[in-house]
Asks: 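After the structure tokens below, expect a handful of questions from me.
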Amino acid sequence: MTRRRLRPRIIAYAVSAAAATACGALGSRRSAAITKPIPIALLAAHVAAGGRERPPVDNVLLAGVIGFSATGDRFMLNEEFETEPQAKDQNLRLGATLFAGAQLCYAATMWRRGARPEPRTLAPRGLLLAESAAVLALHRPRLLPVLGAYGQTLVLMSALASTTPTPQPQVRIGGLLFLASDLTIINRRHLLRHPRVRQAAEIWVLASYFAAQALLLDGVGRAADDGR
């Protein structure tokens, strides 16, 4: 697909992601609930447009990324605005479980393209997640089993993204952005106290998440096209 034909989709995605970021960080629960699904829906349309050029297995895996992510987004939105601690934790567990499914779908697609995990890429990412695991163990230890398992799928995906034999550098960048976004979530919840700083961190979480999803889905989708 030519850049000229892609430009309207890129603009639409950027505008919708900016709106979802602003509403999620600064707006009400209602405005966030309305705007947050739109960027993922646009990515779904973008992925579907190239579906005929990919093997069916890759289409199923990319559909899994989108389905798990869209549903996980809903639970993470509920967790963000929930005030009752038990319900907040339950939403976080469900959101993390669904996003683990998305990361495994990404990882499987990258594996099919020849990516393999290597110690030099796994180790630094694992060390970064160890910091958020320590914060979680101190403040919300009962969530550690679920979020720890999710973290391992995130480390695997990000490590594979850095070794995917594809000319699209956005795969590597997307894997790093996803990791950075999720690391910020735990630190924002438990280490940041000033309201403005917390808002700025949430803007980063959402903006980097939407950028990561766009970079990964476009890059992995192109790699799947090239490898058909």
Side-chain angles (χ1 to χ4, degrees), residues 1 3 6 9-10 12-14 16-18 20-21 36-51 53-55 57-73 76 95-96 98-118 121-122 124-125 128-129 150-185 204-228:
M1 187 174 294
R3 182 168 296 184
L6 278 175
R9 295 187 184 185
I10 294 171
Y13 184 80
S16 67
T21 297
K36 195 171 187 182
I38 297 174
I40 298 299
L42 292 175
L43 287 179
H46 175 65
V47 170
E53 305 299 322
R54 294 187 211 102
V57 173
D58 289 314
N59 282 327
V60 170
L61 290 170
L62 293 176
V65 169
I66 292 166
F68 283 126
S69 297
T71 314
D73 275 342
M76 294 304 293
L98 288 160
F99 272 107
Q103 304 300 356
L104 290 174
C105 287
Y106 269 134
T109 307
M110 295 170 189
W111 188 282
R112 281 173 49 78
R113 300 278 73 78
R116 296 295 183 268
E118 300 175 357
T121 56
L122 286 168
R125 289 164 172 80
L128 284 173
L129 275 187
Y150 164 71
Q152 298 307 307
T153 67
L154 176 60
V155 165
L156 176 63
M157 182 281 291
S158 184
L160 289 173
S162 69
T163 61
T164 300
T166 169
Q168 284 82 31
Q170 65 259 43
V171 175
R172 182 181 296 106
I173 297 170
L176 291 171
L177 279 176
F178 219 127
L179 185 69
S181 178
D182 281 6
L183 282 171
T184 307
I185 291 174
W204 160 254
V205 166
L206 292 169
S208 56
Y209 165 72
F210 287 125
Q213 289 280 37
L215 291 168
L216 284 167
L217 277 168
D218 182 64
V220 172
R222 286 172 185 266
D225 294 347
D226 295 340
R228 63 184 178 274

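What you see is a predicted model; the values in this text were computed from it and never measured.
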Asks: Could you please spell out the steps behind the side-chain contact (heavy atoms from CB on, under 4.5 Å) verdict for L129 and L179?
Replies: CA-CA 9 Å; L129 275 187; L179 185 69; 4.2 Å; yes

Asks: Who passes side-chain contact (heavy atoms from CB on, under 4.5 Å) against R112, sequence neighbours left out?
Replies: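 Expected list: P55, V57, D58, L61.
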
Asks: For T71, what residues pass the side chain to side chain donor-acceptor pair (under 3.5 Å) criterion, not counting sequence neighbours?
Replies: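 T71 satisfies side chain to side chain donor-acceptor pair (under 3.5 Å) with no other residue.
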
Asks: Can you spot which of V171, L62, T109 makes a side-chain contact (heavy atoms from CB on, under 4.5 Å) with L217?
Replies: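 Testing each of V171, L62, T109 against L217, the sole residue satisfying side-chain contact (heavy atoms from CB on, under 4.5 Å) is L62.
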
Asks: For Q152, enumerate each residue passing the side chain to side chain donor-acceptor pair (under 3.5 Å) test, keeping only those at least two apart in sequence or located in another chain.
Replies: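 Not a single residue meets the side chain to side chain donor-acceptor pair (under 3.5 Å) criterion with Q152.
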
Asks: With a 4.5 Å cut-off on side-chain heavy atoms, are D182 and F99 touching?
Replies: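 No - every pair of side-chain heavy atoms lies 4.5 Å or more apart.
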
Asks: Going by distance alone, is a donor N or O of one side chain under 3.5 Å from an acceptor N or O of the other, for Q213 and S69?
Replies: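 Side chains of Q213 and S69: pair found under 3.5 Å.
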
Asks: Got a second to check how far M110's CE is from L216's CG, nearest 0.5 Å?
Replies: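 With rounding to 0.5 Å, CE (M110) is 5.0 Å from CG (L216).
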
Asks: Could you pull out all residues at least two apart from F178 that satisfy ring-ring contact (aromatic ring centres under 6.0 Å, His included)?
Replies: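 In terms of ring-ring contact (aromatic ring centres under 6.0 Å, His included), with neighbours along the sequence ignored, F178 is linked to Y209.
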
Asks: Among residues at least two apart in sequence or on other chains, which ones pass side chain to side chain donor-acceptor pair (under 3.5 Å) with R125?
Replies: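 R125: side chain to side chain donor-acceptor pair (under 3.5 Å) contacts with S158.
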
Asks: Do you know the tightest heavy-atom contact between L156 and A107?
Replies: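 For L156 and A107, the tightest heavy-atom pair comes out as CD2-CB, 4.2 Å.
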
Asks: Which pair of non-hydrogen atoms, one from I66 and one from A44, has the smallest distance, and what is that distance?
Replies: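 Closest approach of I66 to A44: CD1-CA, 3.5 Å.
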
Asks: Can you list everything that forms a ring-ring contact (aromatic ring centres under 6.0 Å, His included) with F210? Sequence neighbours excluded, please.
Replies: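 Scan of F210 (ring-ring contact (aromatic ring centres under 6.0 Å, His included), adjacent residues dropped) gives none.
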
Asks: Which heavy-atom pair separates K36 from A20 by the least distance, and what is that distance?
Replies: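 Nearest pair, atom of K36 first, then A20: CA-CB, 3.9 Å.
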
